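Read through the structure below, which is laid out as structure tokens, and then see the notes.
Source: prediction; values computed, not measured.
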Amino acid sequence: MASRRAPANAAALLSGLNPEQRRAAETLDGPLLVLAGAGTGKTKVVTTRIAALLARGVPASAILAVTFTNKAAREMRERLLKAAGPAAEGVTLGTFHAFCVRLLREHHRLIGLQKSFPICDAADQQSVIRAALRSVSVAETSLHPRAAQARISLWKSRMSDPAAAAREGGGDQDLLAAKVFGAYEAELARRRMLDFDDLLLRSLRLLREHEKVRAGLEERFQYLLVDEYQDTNRPQYEIVRAIAGKRRNLMVVGDDDQSIYAWRGADHKRILDFERDFPGAAVVRLETNYRSNEEILDAANKVIRNNLKRHVKTLRSSRGSGAAVQAFACDDEEHEAQFVVADLAELLRSGAARPRDCAILFRTQTQPRPFETELRAQGIAVRVSGAQSFFDRKEIRDLAAFLRLVARPHDESALLRVVNVPPRGIGDVSIEKVVERAAAQGRDAAGVFAEMSAAGELPEAAARGWSRLQAALAAARAEVKAGAPLPQTVAALIEALQYRAEIERCYPENAARETRWNGALEILDFAAAHERHHGRDSSLDRFLDELSLRSEEGDPGEKEAADAVSLTTIHSAKGLEFERVWLVGCEEGILPHRRSALEGGVEEERRLMYVAVTRAKSHLTMTFCQRRALRGVYKARHPSRFLLELKEKPPPAGWVACEKENQPMEPAEPGASQSPMPTERKKARASLGRPRKARTESSTGREPPGS
DNA sequence: GGCTATGCTTTTTTT
DNA sequence: AAGCATAGCC
């Protein structure tokens with residue numbers, strides 16, 4: 001393998017690296033696999049290597065780097081600009097999905113797409129699924145739309161089509177789901193939308209069926225880089241391979257212990273197959289951890305060693321001993337939030353930490369609410385990622401739908417969402433009529449609406465409402481065409497649609513009304529930020545893509561978030577690091593999640609725990625609740641088995657996925673070791689709201705916070 | 001067609 | 001608890 005080395009003028013770049021890191025960063029040509037344990041300086045290697053490429057004279061435009069999450073992309077961009085300076089701005093860096101959207105928009109004609117096809121996001125997907133269920137007469141009770149969606153997405157990420165799905169399907173449920181899959185694809189096609197999986201699949205098809213396009217990309221992108229390679233699914237892998245082509249200048253970075261996306265079709269064995277897929281690949285292992293103190297690393301190792309299916313590696317700490325890892329029992333989720341935020345507030349007050357150094361990590365989207373409330377009550381700046389975020393707020397979704405209609409008059413999902421928002425006389429009956437005819441004739445609903453409205457086939461009120469809506473949209477379209485700034489267009493649209501009145505109608509309470517209205521106005525900030533970011537390159541289409549793909553570039557919270565506490569899922573915290581981490585909800589049923597235990601995915605949950613623990617640099621605090629409100633009812637909860645694994649011994653053999661609600665977690669074999677927690681539980685319950693220290697990993701006599 | 005009240009379901013993680 | 005769909009009234 002001819003591996004040219006970085007030229008001498010890049011030597012300075014490499015000086016801060018250890019020998020392994022350096023070897024990775026200066027192996028510039030040919031396939032390269034970097035097995036990078038958590039906190040081993042992976043991003044540093046990646047950014048240094050790109051800087052080295054630039055120093056060697058490779059144009060920035062010839063470099064493509066892909067990540068999986070927007071957060072990771074943004075982090076990488078920041079670090080890259082720091083390492084390589086403004087020269088790096090021309091590097092193509094983004095998520096797979098963002099890259100694919102751009103590719104498809106550019107070549108839409110070749111594969112028969114409209115130039116501005118709508119992207120079907122999760123909410124749209126629900127409506128498409130529902131329509132699909134209806135069209136094959138499957139009751140939502142026999143196949144839950146959510147379940148169907150998950151199933152279909154997994155099929156697609158494995159590159160199965162409905163026919164293949166039906167063939168391999170074992171049970172009735174599978175056959176049913178396969179049938180719905182077919183209907184779903186048809187409905188998507190009728191709406192001319194692409195869902196997230198399609199973005200990858202169509203891109204791949206484009207590359208396979210149009211050699212010119214593929215060759216063009218191979219020619220342009222001389223150097224490829226894939227972050228978190230263990231999370232790649234099949235279409236992503238194929239896309240990378242197609243672009244890498246014969247040149248094979250492909251660097252992949254990953255860690256099988258951090259594979260947490262199996263549920264969306266990622267196969268972490270792929271990283272172990274890299275050498276087979278790309279013969280002659282150089283392999284570098286990074287095993288020195290620069291991030292966490294020994295106590296944290298020790299906790300991480302104690303958890304992950306319980307996974308049987310893994311490649312054993314040893315992470316050496318370079319930071320030495322520090323604060324002990326702590327775990328606390330809390331009464332309930334409110335108490336948990338108060339406890340963590342009190343701890344946090346004291347640290348911030350005393351100047352021991354800056355907000356940006358702190359993160360609260362959680363497993364599911366139901367968890368962050370009390371924390372957000374408490375943080376805001378204490379006036380602590382917070383950056384929340386997840387379901388309650390900007391993109392998922394009803395107002396934002398409504399306004400986004402209007403904008404989609406401005407750009408794409410035939411976007412049926414958007415139309416159905418807001419055709420009667422605010423109420424303009426277009427009732428369910430009219431909508432039903434239109435949708436039915438549209439489906440029957442294979443046409444789009446907007447066209448049918450216009451036709452029926454003009455032909456007097458709708459109630460007069462509905463027809464009037466329709467033309468008012470169309471007038472508002474047309475005015476906005478004219479503005480866009482005239483090149484008006486995005487925020488101005490949005491503001492005019494809000495005005496024309498009297499959206500403020502709608503909010504006031506929906507939220508009679510003063511406080512809620514203010515919050516909602518302010519929330520709605522944030523889309524103006526988002527639009528402004530978008531224009532700042534993209535300059536003359538900004539367009540409504542791109543803006544909508546960002547909204548759909550939830551790219552956080554120019555997120556309205558960005559400015560304040562520069563110094564805010566992060567409140568984020570473990571999944572989206574991957575790749576990030578914080579001085580202090582509070583990992584909350586360490587309970588059976590949450591982490592590991594109940595569903596995953598049922599489906600035999602406990603090893604993946606353990607990797608999730610591992611990822612969470614290894615985010616912390618100097619302080620790690622874990623909490624769990626004794627009881628928690630589920631569907632409005634308090635249920636007893638039990639500490640996560642992963643907390644127990646932090647004790648010296650692995651869990652007893654026969655330890656089962658517990659969690660039949662309300663049953664205590666017990667080893668399966670009667671008489672095996674008893675649960676180590678009851679004493680602490682009792683103590684905490686007796687303690688009138690002050691958390692008791694449940695356990696301390698290596699006791700340094702540190703006082704529990706807040707006592 | 002719009003509004004309100006009542007009942008019913010809900011919980012994985014990301015793009 | 002809260003959000004969502006349905007039913008029944010204006």
Side-chain angles (χ1 to χ4, degrees), chain A residues 66-73 94-101 119-126 130 140-141 144-147 150 153 156-157 194-200 228 231 233 235-236 259-266 333-334 361-367 369-370 385-389 391-392 394 420 422-432 458-462 464-465 505-506 508 545-552 568-574 585 589-599 601 604-605 607-608 611-612 628-635 659 661:
Chain A
V66 274
T67 62
F68 289 82
T69 63
N70 292 305
K71 267 197 180 160
T95 64
F96 267 106
H97 292 84
F99 174 74
C100 287
V101 169
I119 298 168
C120 181
D121 69 16
D124 301 326
Q125 240 175 338
Q126 280 300 304
R130 289 219 160 86
E140 292 189 6
T141 43
H144 193 87
R146 256 195 146 77
S153 177
K156 291 178 87 163
S157 68
L194 299 190
D195 69 13
F196 290 130
D197 296 307
D198 287 332
L199 297 179
L200 305 172
E228 308 285 10
D231 291 332
N233 65 22
Q236 290 167 329
S259 158
I260 54 176
Y261 285 103
W263 51 273
R264 91 176 177 192
E333 68 271 23
E334 304 246 297
L361 305 187
F362 51 88
R363 172 68 177 85
T364 71
Q365 300 291 4
T366 52
Q367 291 172 260
R369 222 167 290 180
S385 74
Q388 289 309 305
S389 76
F391 301 99
D392 285 305
K394 185 172 167 297
N420 200 33
R424 54 176 69 85
I426 304 173
D428 295 342
V429 179
S430 302
I431 295 173
E432 189 65 28
L458 296 179
E460 204 192 317
R464 257 180 303 155
R505 191 182 66 85
C506 292
D545 285 346
E546 282 206 358
L547 279 171
S548 295
L549 298 176
R550 341 193 105 216
S551 151
E552 294 179 18
T568 160
T569 61
I570 301 171
H571 280 90
S572 56
K574 189 154 74 133
I590 292 184
L591 183 64
H593 195 274
R594 187 167 129 262
R595 289 291 295 269
S596 69
L598 257 41
E599 286 153 27
E604 177 147 312
E605 296 291 300
R607 291 193 289 269
L608 211 41
V611 167
R628 183 180 290 270
L630 295 157
R631 299 171 208 164
V633 182
Y634 278 100
K635 302 259 171 149
E659 198 61 20
E661 220 68 70

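Nucleic acid contact class of F96(A) (heavy atoms, under 4.0 Å, all strands): none. Looking at heavy-atom distances under 4.0 Å, T366(A) makes no contact with the nucleic acid at all.
Candidate nucleotides dT11(B), dT13(B), dA2(C) were compared by shortest atom distance to the side chain of R631(A), and dT11(B) ranks first. Of all nucleotides listed (dT15(B), dT13(B), dT11(B)), dT13(B) comes nearest to the side chain of T364(A).
A straight line from CZ of R628(A) to C1' of dT11(B) spans 12 Å, rounded to a whole angstrom. K635(A) places its NZ atom 14 Å from the P atom of dT10(B), with the value rounded to the nearest Å. Whole-Å rounding puts the H144(A) NE2 to dT9(B) C1' distance at 8 Å. Rounded to an integer number of Å, the gap from CG of D195(A) to P of dT14(B) is 17 Å. One interatomic measurement links the two molecules: CG of L199(A) to C1' of dT14(B), which rounds to 13 Å at whole-angstrom precision. E333(A) has its CD atom 14 Å from the C1' atom of dA2(C), to the nearest Å. Rounding to whole angstrom units, NZ of residue K574(A) and C1' of dT13(B) are separated by 11 Å. Nucleotide dT13(B) holds its C1' atom 14 Å from the CZ atom of F196(A), rounded to whole Å.
Among all heavy-atom pairs drawn from Y634(A) and E333(A), the shortest one is CE2-OE1, 4.1 Å.
For F68(A) and dT14(B), the ring-to-base geometry does not satisfy the stacking test (centroid distance below 5.5 Å, interplanar angle below 30°).
In this structure, D124(A) CG and S548(A) OG are separated by 7.5 Å, a value rounded to the nearest 0.5 Å. Distance CG/L608(A) to NE2/H571(A): 4.5 Å, rounded to 0.5 Å. Taken from NZ in K574(A) to OH in Y261(A), the straight-line distance is 6.0 Å, to the nearest 0.5 Å. Separating the OG1 atom in T69(A) from the NE2 atom in H97(A) is a distance of 12.0 Å, to the nearest 0.5 Å.
Proximity of T569(A) to the phosphate of dT14(B): a side-chain N or O atom is located under 4.0 Å from OP1 or OP2. Distances shorter than 4.0 Å separate some side-chain N or O of R146(A) from OP1 or OP2 on dT11(B). Under 4.0 angstrom from either OP1 or OP2 of dT14(B) there lies at least one side-chain N or O belonging to Q365(A). Phosphate proximity of dT15(B) to H571(A): absent, as no side-chain N or O sits under 4.0 Å from OP1 or OP2.
Every residue two or more places apart in sequence or in another chain that forms a side chain to side chain donor-acceptor pair (under 3.5 Å) with S153(A) is listed here: D197(A). In this structure A147(A) satisfies the side chain to side chain contact (heavy atoms under 4.5 Å, CB included) test together with H144(A), sequence neighbours excluded.
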Distances under 3.5 Å between protein N/O atoms and the N/O atoms of nucleotides 1-3 of chain B, please, pair by pair.
| residue | atom | partner | partner atom | Å |
| --- | --- | --- | --- | --- |
| dG2(B) | OP1 | G425(A) | N | 2.5 |
| dG2(B) | OP2 | N420(A) | ND2 | 3.2 |
| dC3(B) | OP2 | R505(A) | NH1 | 3.2 |

